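Keep in mind that the numbers below use all heavy atoms, side chains included, and drop hydrogens, waters and symmetry copies. Every value quoted in this text rests on a predicted model; they were computed, and no experiment measured them.
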Amino acid sequence: MRTGNEPLTARSPLRMRWWLSIWGLIWTAFGTIAFAFAGRPGWAIACGVLLLIVATDFVLVVRHMRQGSRFQPGRDVPPYEDRGHRHGSAEDERRGSSDDRVSRRSRERSRSGPP
């Protein structure tokens, strides 16, 4: 759940993921080639699959970096979890929601009659 202070405290791990992706691309490419020349097709396939996974992560990281720091999702993505329609907190349940308090007050006023 979002707290509302993300613009002030958020840190992006994209640059670290970019460097780790480069490191992974180098090692998985080296492993794929080395195991293929060594006659180990199973290990070469395993390194090749890891190479595809790391390459996919690299592409996604670069895409996110190019979107920029001010990228915001569309209108269909809410900025925070809507607690009013899902689950209220224990304090809200004890007090009752604000709508319940308003309706209770209006019922009390109607019972007491005009002032």
**Q** I need the minimum non-hydrogen distance between L25 and T28, along with the two atoms involved.
**A** O-OG1, 3.4 Å
**Q** When hydrophobic residues are tied together by side-chain contacts of less than 4.5 Å, even through go-betweens, does V49 share a cluster with V54?
**A** no
**Q** If a pair satisfies salt bridge (Lys or Arg N to Asp or Glu O under 4.0 Å) and one of its residues is in residues 41-54, list it, with sequence neighbours excluded.
**A** none
**Q** In the hydrophobic cluster built from side-chain contacts under 4.5 Å, what are the other members alongside F35?
**A** W43
**Q** Return the CD1 to CG distance between I45 and L50, rounded to the nearest 0.5 Å.
**A** 12.5 Å
**Q** Kindly give the cluster partners of I33, where membership spreads through any ILVMFWY side chain lying under 4.5 Å from a current member.
**A** F37
**Q** Any pair with a residue in residues 17-35 that passes salt bridge (Lys or Arg N to Asp or Glu O under 4.0 Å), sequence neighbours left out, goes on the list, sorted by first then second residue, please.
**A** R17-D57
**Q** Quick check: closest heavy atoms across A36 and A44, and the distance to 0.1 Å?
**A** N-CB, 3.8 Å
**Q** Going by side-chain contact (heavy atoms from CB on, under 4.5 Å), name the residues that satisfy it together with W23, two or more places apart in sequence or in a different chain.
**A** W27
**Q** Could you tell me the separation between the OG atom of S21 and the CD1 atom of I26, rounded to the nearest 0.5 Å?
**A** 11.0 Å
**Q** Write out all pairs satisfying salt bridge (Lys or Arg N to Asp or Glu O under 4.0 Å) with one or both partners inside residues 19-47, taking only residues at least two apart or from two chains.
**A** none
**Q** Quick one: do F58 and L60 end up in the same hydrophobic cluster if we chain Ile, Leu, Val, Met, Phe, Trp and Tyr together by side-chain heavy atoms under 4.5 Å apart?
**A** no
